[in-house]
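Below is one structure, written out as structure tokens; comments come after it.
All ligand and atom numbering here is 1-based and tracks the order in the structure.
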Amino acid sequence: MMNAAIRFHGVGKSFKKKSVLDNISFTVPRGEVYGILGENGAGKSTMLKMMANLCLPDQGEIEVLGQKPSWELYQKIAYLSDRAKWYSDYTVGEALQYGKSFYPDFQMERAEELVEFFKLDRKLLGKEMSKGQEARLQFLLCFSRDVELMLLDEPFSGIDLITREKMIELIIESISERELTLVITTHEIDEVEGLLNRVSFVKDTKIVVEGEVEELRLKSGSLKDLYRGVYA
Ligand SMILES: Nc1ncnc2c1ncn2[C@@H]1O[C@H](COP(=O)(O)OP(=O)(O)OP(=O)(O)O)[C@@H](O)[C@H]1O
């Protein structure tokens, strides 16, 4: 289906013989903001890693932008992971240079604007950053790229309220300017509720709720209420 940015079909994954994801099928339509929600350890990051080709499924099939995940495809995707620390020995300025040399779609002018926007010191070294400064850098490195697909794993983790609001503004701006598909995992349900078009809730290796956020809200009130109903 051409309109799908991502398709999971019967995907399963185990670690050390323990099933983490079982028979997962869902579609992320192009141009939408898709949220993957669930408790700690539910398998959300694993799903994003599979999309980025950083983890292989044991069963099933995955399609990303109409292709099987691959290294070539990975370079066309902006992937934010709070575990990636490749910039530890770089300053902010050097990380930008690296981004430019590595990704042909990297927009240096936008990156410079975002450094100002996030009040980051260009001379600040990766390993000397606070958690929030790291999160800002990761976020700006993604949003400096001209890509069709962004995978954001916990982009707001450790970020103060005002910066989080700025990030959400930036996301809204980006999706209104160009066709961009975003997949986000987050525990900040309140903040993203207005942003998400579709959502899935992962629980005990399965997707237990999946659908359009507007429809789900009509049935259940807020996403947070629905979340409590599923997990509490
Ligand atoms: N490389 C790995 N080796 C062994 N187990 C793993 C590996 N990666 C993930 N797991 C296990 O898979 C499960 C799902 O992990 P994952 O990071 O996908 O969860 P998550 O939903 O993103 O959690 P959180 O909300 O805490 O970030 C966990 O039980 C985790 O311990």
Whether the side chain of Q67 engages the backbone of V64 through a donor-acceptor N/O pair (distance < 3.5 Å, no angle test) should be reported.
no

Under a 3.5 Å threshold, yes or no: a donor from one side chain and an acceptor from the other, between D22 and S19?
no

When you measure from atom 18 (O) of ligand 1 to every protein heavy atom, which one gives the shortest distance, and what is it?
T46 OG1, 2.6 Å

Hey, looking at atom 19 (O) of ligand 1, which of G43, S14, S19 has the closest heavy atom?
G43

Within the structure, is a non-hydrogen atom of M47 found at a distance of less than 4.0 Å from ligand 1?
no

Would K166 and F117 count as a cation-pi pair here, with the cationic atom under 6.0 angstrom from the ring centre and within 45° of the axis?
yes

Is ligand 1 less than 4.0 angstrom away from at least one heavy atom of G38?
no

Is it the side chain (CB and beyond), the backbone, both or neither of V20 that lies under 4.0 Å from ligand 1, heavy atoms counted?
side chain

If you measure only the distance, is there a donor-acceptor pair under 3.5 Å linking the side chains of R217 and S222?
no

For the NE2 atom of H9 and the OG1 atom of T27, what is their distance to the nearest 0.5 Å?
10.0 Å

Is it true that F102 and F106 have ring centroids separated by less than 6.0 Å?
no

Pairing donors with acceptors under 3.5 angstrom, does anything connect the side chains of T185 and D153?
yes

With R164 as the cation and F156 as the aromatic partner, state whether NZ or CZ is under 6.0 Å from the six-membered ring centre and within 45° of the axis.
no

Which protein heavy atom lies closest to atom 9 (C) of ligand 1, and at what distance to 0.1 Å?
F15 CE1, 3.4 Å

Under 4.0 Å from one or more heavy atoms of N40, ligand 1 contributes atoms 23 (O), 24 (P), 25 (O), 26 (O)

For atom 31 (O) of ligand 1, decide whether some protein heavy-atom distance is shorter than 4.0 Å.
no

Protein contact to atom 29 (O) of ligand 1 [nearest heavy atom, distance to 0.1 Å]
G41 O, 4.0 Å

Would a 4.0 Å cut-off, counted as strictly less than, catch a protein heavy atom around atom 11 (C) of ligand 1?
yes

4.0 Å heavy-atom contact, H187 with ligand 1:
yes

